[in-house]
Amino acid sequence: MTHTIKHHLSDALLMAYSAGSLPEAFNLTIAAHLSMCDECRARAGAFDTVGGALMEETAAVEMSHGSMAAALARAKAAPAEPRVRRTRGGVLPAPIQAYVGGDLDAVAWRPVGMGVKQAILPTEKGATARLLYIPAGAAVPDHGHRGTELTLVLQGAFSDATDHFGAGDIEVANEELDHTPVADIGADCICLAATDAPLRFRGLMPRLAQPFLRI
Ligand SMILES: [Zn+2]
């Protein structure tokens, strides 16, 4: 990859990913970034190691009633990962191709106005993952944020009030950030954006992140 990635995943997100506590849409977005970013892949590996060590030393805490059954049901319901051969020189990273069933030409785009198109990927409830297609020079139509939003650039680049984001960069936004991403002139911009249902993510993140961050 010629573009140098400068916007990475936060420690909190990498730890939550490692702990397996994020909704599927976030896992997908993070996995896609990790497939593009050596730096975050290395950091994720370190958190996996820390998590494993902590697990062994942590005293057991009783889970809420029914959580084991719920986890088992989720595991059962999870579809087998489809085998998709990654297109050589494709735009979509392998984790996304697995959801789309191919590369860009397999995406079922729907127009959302002003030339922008989107395709919502099939993930479990709790968070939504969508591919966004923003024509060169166009802005994403106004959309409200609830909770956390991860935006991973797959092709082209966009800018908002905070910075410039190129291929492989990931923007982590919360509801306090009001932004209007505008695609660069010169190339259509394709992103994967994940937004969560606040309840699941918010409560869990601080609780998870705090003990880890003190290490
Ligand atoms: Zn990274």
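Excluded from the calculations below are hydrogen atoms, water molecules and symmetry mates; all remaining heavy atoms, backbone and side chain alike, are included. Whatever order the structure lists them in is the order used to number ligands and atoms, beginning at 1.
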Requested in this report: Run through the protein N/O/S atoms less than 2.8 Å from the Zn ion (ligand 1) and write them out by chain and number.
Outcome: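 Listed by chain and number, the atoms are H8 ND1, H33 NE2, C37 SG, C40 SG.
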Query - Residues Y133 and Q155: side-chain donor-acceptor under 3.5 angstrom - result: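 Side-chain D/A pair, Y133 to Q155: absent.
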Query raised in the report: Can you find a heavy atom in the side chain of I5 that is under 4.5 Å from one in the side chain of I170?
Result: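 Of all side-chain heavy-atom pairs linking I170 with I5, none is under 4.5 Å.
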Report task. Calculate, to the nearest 0.5 Å, the distance between atoms CD and NE2 belonging to E39 and H33 respectively. Result ->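 With rounding to 0.5 Å, CD (E39) is 7.5 Å from NE2 (H33).
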Report task. State the CD1-CG distance between I30 and L152, to the nearest 0.5 angstrom. Result ->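 Here the rounded value is 10.5 Å.
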Query raised in the report: Is the number of heavy atoms from other residues, nucleotides or ligands within 6.0 Å of CZ (R110) greater than 12?
Result: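 Open.
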Report task. Please identify each residue that fulfils salt bridge (Lys or Arg N to Asp or Glu O under 4.0 Å) with D188, with sequence neighbours left out. Result ->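 Salt bridge (Lys or Arg N to Asp or Glu O under 4.0 Å) list for D188, sorted by chain: empty.
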